[in-house]
Structure formats: structure tokens, C-alpha cells
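Below is one structure, written out as C-alpha cells; the observations come after it.
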Amino acid sequence: MRIKSVTARQILNGKGHPTLEVEVQTGRHRATSSAPIAASKSKYEFFDAYDNDLTRFKGESLDIIVDNVNRVIGPELIGKNVLDQEDLDSHLLQLDNTLERTHLGVNTLTATSQAIAKLGAMESELPLFKYLRVLHDYSSHSDEKLNSQYIMPHPVVTVYRSSQHDSSKHLPVQEILVFPKGGFSYVRDLVNMFNTLNDLNLNE
């Protein structure tokens, strides 16, 4: 279950923007994961690293970032146990060692950590959601363990997008999100809420 290789490549997301994909392999399995890209960044979010070469993808190319994974992160992780997720994540943070992740970028750290988790699930012959629960139960210092009990996840629903993206919007916030609770009737309730907001012209 030792990590044999860590490699990265630049890929394009559904909107044609470059993002980072990291692949991690053991002797038996390999897993890949890519970093999500936010449409905008708040001052409280960590730093996404790019090449800043304005001749390529408006400065958002990732050749240098790919090289960081292949030459900096990869050699540090090779030989480590892929099941030691907490230790591996701590090591990734130490490799960056900046408050806002400006050295390697949170996109680099996220894609690498996610690929390691997916590979750990494969090696454990568990679905990823069960493997993450095992990691939680193992590493949690709380007396309240989850003990591998599962519930159906509920969606987080955006009911309003704001003036951060469109100056015609009425409220000085970026988004209003709803976290439904209760039974499956929340879908009907969310539709009613969304229609009410439309009637108030907030979503126009």
C-alpha cells in the first residue's frame, strides 16, 4: 500500500478553464482527482496557484504547478503508506508552509489529497464515502463517534446569486444557500422558496 508515483497534468474543465489533475499510484491501483475552480474568490479563501503567463490561458496555465507536483510533492510522498491520510495531509501542508497556501496553491494540495483518499479507498476495497467515515472515526478526538452509521445526504441549494457577479442584483451578498432538513418534501419547499424569490425580482 505504499505510494509508487505521484504525477500531475493540466486539464480543462467544462468551461474551458485550466485546472490541475493529480494521479497517485500504488502497485495495485491508481486514482486521479482534479481541483475545482471557483467563479470568484473572497478574501477569506486560500490561494490558487497559476503560472501567471499572460500569453497562455490569460495567465491561468499550470505548467509550473504541474512541475511542482512532479518534482516537489511526488518525491516527498513516494514510499509512504497511502492509508495514512492524516499524516499525508499534514505533510502536504508542511511542504507549503504558508498561511494562505501561496507556495504550492490550495488547488495543488486539494487535488493531491483527494487522489490519495480515493486511492486509499481502493486499497481498502471500500466505497469512498465509507472510507472517509473510517478515517473520521479513526482520527476523531471527540467522544461522539459516528461509528459507521450513515444517513442520506441532503443537498446544499443556491436560491440566490448576487451582485458579486451581477451589478443589477439587489443584495450585497454573493449567494444565499439553503441547507434543507427533514424529509424528502424539502424539494417542494425549495421550489416554492425559489418561485417566491423570483416574484420579488431578486433572482432576475
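We're numbering straight along the sequence, starting at 1. Hydrogens, waters and symmetry mates play no part in the numbers below; they use all other heavy atoms, side chains included.
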Going by distance alone, is a donor N or O of one side chain under 3.5 Å from an acceptor N or O of the other, for Q85 and S113?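 A pair is found: one side chain offers a donor N or O, the other an acceptor, under 3.5 Å apart.
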Could you tell me whether the side chain of L119 reaches within less than 4.5 Å of the side chain of Y131, counting heavy atoms only?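 No, every pair of side-chain atoms sits at 4.5 Å or beyond.
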Side chain proximity check, T112 to L77, heavy atoms < 4.5 angstrom: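 T112 vs L77: side chains touch.
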Do V22 and L93 sit in one hydrophobic cluster, given that two such residues count as connected whenever their side-chain heavy atoms are within less than 4.5 Å of each other, even indirectly?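 Yes.
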Is there a chain of hydrophobic side chains (I, L, V, M, F, W, Y, each step under 4.5 Å between heavy atoms) that links L126 to L88?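 Hydrophobic grouping puts L126 with L88.
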Just by modelled atom types, is the [Y] backbone N or O under 3.5 Å from a matching donor or acceptor in the [X] side chain?
X    : Y    : result
Q10  : P18  : no
K80  : I3   : no
T110 : V106 : yes
T19  : A35  : yes
N68  : V72  : no

Can we say R56 and D63 salt-bridge, meaning some charged N sits less than 4.0 Å from an Asp/Glu carboxylate O?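 So R56 pairs with D63 through a salt bridge.
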Would you find more than 12 non-hydrogen atoms of other residues, nucleotides or ligands less than 6.0 Å from R71 atom CZ?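 Counting neighbours around CZ of R71, 12 or fewer heavy atoms of other residues, nucleotides or ligands fall under 6.0 Å, so no.
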Could you measure the distance from the CD atom of Q25 to the CE atom of M122? Nearest 0.5 Å is fine.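 Atom-to-atom, Q25:CD and M122:CE are 10.5 Å apart.
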